[in-house]
Amino acid sequence: MSTAPDTEFPFIAEIPKSRSRKPPIIDQVKSFLEETGGGAVPVPIAVAALGVSRVRVHQLINDGKLRAFKVKGSNVVLVSIDDIEDRIANPPDVGGRRPAKEK
C-alpha cells in the first residue's frame with residue numbers, strides 16, 4: 001500500500017514550490033504576436049519599411065516607440081507591424097520651416 005508523499009510527509013506541503021521556467025520560445029513568440037495583433041517582422045524589414053537605419057530602429061525600440069520581442073538565444077528581433085504602420089501614417093514632427101502657403 002502506497003501513500004501520497006504529502007500525507008506521509010506533511011512538511012512537504014510547506015516547502016515553497018519553485019517557479020516555473022519561462023514558456024518555451026514558441027509560446028513567447030505566440031504571446032508577442034497575440035499582443036501585437038498578429039503582425040511582427042524582423043528588424044531588417046522594419047528598417048526598409050521605415051526608411052531609417054538599423055541603429056535608429058533599435059533606438060525606437062529602446063525608447064518604447066516600437067514594440068519588439070528578442071528571440072532568446074538568437075539575434076532575431078521581431079517588431080510590431082502595427083507600430084511600424086502607425087509611425088509611417090503619423091511621422092514625428094522633425095521641426096524645420098513650414099511649407100510656404102499657396103496663393
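These numbers come from a predicted model, not from an experiment. Just the heavy atoms: all of them, side chains too, but no hydrogens, waters or symmetry mates, feed the values below. The first residue in the sequence is number 1, and the count goes up from there.
Ile45 and Leu50 end up in the same hydrophobic cluster when Ile, Leu, Val, Met, Phe, Trp and Tyr side chains are linked at under 4.5 Å. Cluster membership for Ile81 and Val43, using ILVMFWY side-chain heavy atoms within less than 4.5 angstrom, is shared. Residues Val52 and Ile61 share a hydrophobic cluster, clusters being chains of Ile/Leu/Val/Met/Phe/Trp/Tyr side chains in contact below 4.5 Å.
The hydrophobic side chain of Val55 is isolated, with no ILVMFWY side chain under 4.5 Å apart from it.
Residue pairs meeting the salt bridge (Lys or Arg N to Asp or Glu O under 4.0 Å) criterion with at least one member in residues 35-57, sequence neighbours excluded, do not occur. Among residues at least two apart or in separate chains, there is no ring-ring contact (aromatic ring centres under 6.0 Å, His included) pair with a member in residues 33-59.
For the salt bridge (Lys or Arg N to Asp or Glu O under 4.0 Å) test, residues two or more places apart in sequence or in another chain that qualify with Arg67 are Asp83. For Asn75, there are no side chain to side chain donor-acceptor pair (under 3.5 Å) partners two or more places apart in sequence or in a different chain. Every residue was checked against the side chain to side chain donor-acceptor pair (under 3.5 Å) condition with Asp82, not counting sequence neighbours, and none meets it.
Atom OG in Ser80 sits 13.0 Å away from atom CZ in Arg87 (nearest 0.5 Å).
You'll find the side chain of Val79 stays beyond 4.5 Å of the side chain of Leu60, heavy atoms only.
For the residue pair Ala46 and Ile84, the shortest heavy atom distance occurs at CB-CD1, 3.6 Å. Residues Ala68 and Val77 come closest through the heavy atom pair CB-CG1, 3.9 Å.
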